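All heavy atoms count here, side chains included; hydrogens, waters and symmetry mates do not. This structure is a prediction, so every number in the text was calculated from the model and none was measured. Throughout, a chain's letter reflects where its sequence line sits, starting with A, and its residues are numbered from 1.
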Amino acid sequence: MTTVRTPADWPVTEEEARAVQDGLRARVVLDEPGPPPGTGRITGVDVAYDDERDVVAAAAVVLDAATLDVVAEATAVGRVSFPYVPGLLAFREIPTVLAALDALPCPPGLVVCDGYGLAHPRRFGLASHLGVLTGLPAIGVAKNPFTFTHDEPDAPRGSTSPLLAKGGDGREEVGRALRTRHAVKPVFVSVGHRVSLDNACAHTLALTPAYRLPETTRRADALCRRALGAI
DNA sequence: GCGACAG
DNA sequence: ATCTTGTCGC
């Protein structure tokens, strides 16, 4: 398990953080379909916190996309680099997540984040940010609708309904509410970087053969908690 | 101005 | 995210 320091040039204020997002947003690539679902490797990343001790632990778990078997995993720990502010989650998680990805013995392939990508106040959520910094295809699968609205998808697994930005003049689809288990609360999928929304949803379905959340995030969640507890 | 708000 | 017991159901 590697230890990381927060970058010296990391934003300190919310204003600085928002400026970073505005500066990087243009680098997001949205015209690539991304790797075909069920092929190659998919890596889940997640983070656990201990604000008391100012410690954060991140995990990256690589799965074989076809079998969902664990191929590799790595963890990293560091200091909390930013407070939790809705819309600025990436600044809290990215330094440690990058370290965990760097510690992997093999290429990550597609990265699945616990949060949003394009579905973000400034269209640059965690999955897009991580994708731009690494160059890797990335998607976001969140457990809550954040500030977006959506109709309830039909009960069958695989049903979807558009995730829409509020207020906005036109119905801008920033992601999709996707039912991964029959009649169970949907997950919220959005594009991060170099992956189409259709493909992001297909990947998410391929990663949820048994539970609501993708195997990638379930595995990464369990690992970063274990890493945090081991400190 | 007030409330809502990924993790 | 995190604090936390039992409990209902496949």
Side-chain angles (χ1 to χ4, degrees), chain A residues 6 11 14 17-18 20-21 25 28 44-61 75-98 100 111-132 138-150 155 157 163-168 173-178 180-193 197 200 204 208-214 216-229 231:
Chain A
T6 300
E14 298 183 21
R18 280 187 279 268
V20 171
Q21 293 180 328
R25 186 175 45 228
V28 176
V45 293
D46 195 19
V47 171
Y49 301 95
D50 182 339
D51 285 295
E52 292 285 294
R53 292 186 294 170
D54 188 39
V55 170
V56 52
V61 180
T75 59
V77 296
R79 297 297 194 182
V80 175
S81 52
F82 209 84
Y84 172 68
V85 178
L88 301 179
L89 176 65
F91 296 94
R92 187 169 167 79
E93 311 212 327
I94 277 187
T96 322
V97 167
L98 285 178
V111 178
V112 179
C113 297
D114 198 3
Y116 281 115
L118 255 194
H120 178 274
R122 286 167 297 283
R123 304 295 179 268
F124 195 70
L126 172 62
S128 298
H129 202 145
L130 194 60
V132 165
I139 67 174
V141 180
K143 299 182 283 296
N144 297 293
F146 199 12
T147 62
F148 304 99
T149 59
H150 66 93
R157 164 179 153 83
L163 192 60
L164 305 169
K166 289 178 183 171
E173 184 184 37
V174 296
R176 228 165 257 170
L178 169 65
T180 55
R181 295 291 290 164
H182 190 281
V184 170
K185 177 179 178 174
V187 295
F188 304 89
V189 180
S190 63
V191 163
H193 183 59
L197 184 53
T204 303
T208 50
Y211 299 96
R212 178 172 85 111
L213 299 179
T216 37
T217 62
R218 298 184 71 251
R219 287 287 198 356
D221 179 76
L223 182 55
C224 67
R225 289 188 199 226
R226 202 194 318 154
L228 185 63
I231 298 174

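Atom CZ of residue A:Phe124 and atom CZ of residue A:Arg25 lie 8.5 Å apart, to the nearest 0.5 angstrom.
If you take CG of A:Leu213 and P of B:dG7, they are 9 Å apart, rounded to a whole angstrom. Protein atom CD of A:Gln21 is 12 Å distant from nucleotide atom C1' of B:dA6, rounded to whole Å. Whole-Å rounding puts the A:Tyr211 OH to C:dG9 C1' distance at 14 Å. The nearest whole Å value for the distance from the NE2 atom in A:His120 to the P atom in B:dG7 is 13 Å. Straight-line distance from the CD atom of A:Glu52 to the P atom of C:dT2: 13 Å, rounded to whole Å. Between A:Leu130 atom CG and B:dG7 atom P the separation is 16 Å, expressed in whole Å. As a whole-Å value, the separation of A:Lys143 NZ from C:dT2 C1' is 12 Å. Rounded to an integer number of Å, the gap from A:Leu89 CG to B:dG7 C1' is 5 Å.
At B:dC5, none of the side-chain N or O atoms of A:Asn144 fall inside 4.0 Å of OP1 or OP2 (strictly under the cut-off). In this structure, A:Arg225 reaches the C:dA1 phosphate: one of its side-chain N or O atoms is under 4.0 Å from OP1 or OP2.
Judged by the 6.0 Å distance and 45° axis criteria, A:Arg176 is not positioned over the aromatic ring of A:Phe188. A cation-pi arrangement, defined by a distance under 6.0 Å to the six-membered ring centre and an angle within 45 degrees of its axis, is absent between A:Arg18 and A:Phe91.
Considering all non-hydrogen atoms of both residues, A:Ala119 and A:Leu163 come closest at CB-CD2, 4.2 Å. Of all non-hydrogen atoms in A:Pro209 and A:Arg181, the two that sit nearest each other are O-NH1, 3.9 Å.
Side chains of A:Glu93 and A:Tyr84: no donor on one and acceptor on the other come within 3.5 Å.
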| said: Reading 5' to 3' and counting Watson-Crick or G-U wobble pairs with both distances under 3.5 Å, write the dot-bracket notation for DNA chain C, | for bases paired outside the strand. | reply: ..........
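Among the atoms of the strands shown, none is found under 4.0 Å from any heavy atom of A:Gly140. At a threshold of 4.0 angstrom between heavy atoms, the contacts of A:Leu88 include nucleobase atoms, whether or not backbone atoms are also involved. Contact annotation for A:Ala119: no contact, since no heavy-atom pair falls under 4.0 Å across all strands.
Between A:Tyr84 and B:dG7, a base-stacking contact is recorded: ring centres under 5.5 Å apart, planes less than 30° from parallel.
Out of B:dC5, B:dA6, C:dA1, the shortest distance to the side chain of A:Asp114 is found at C:dA1. Closest to the side chain of A:Phe146, out of B:dC5, B:dG7, C:dT2, is B:dC5.
A parallel orientation is assigned to the rings of A:Phe146 and A:Tyr116, their planes being inclined by less than 30° (bins at 30° and 60°).
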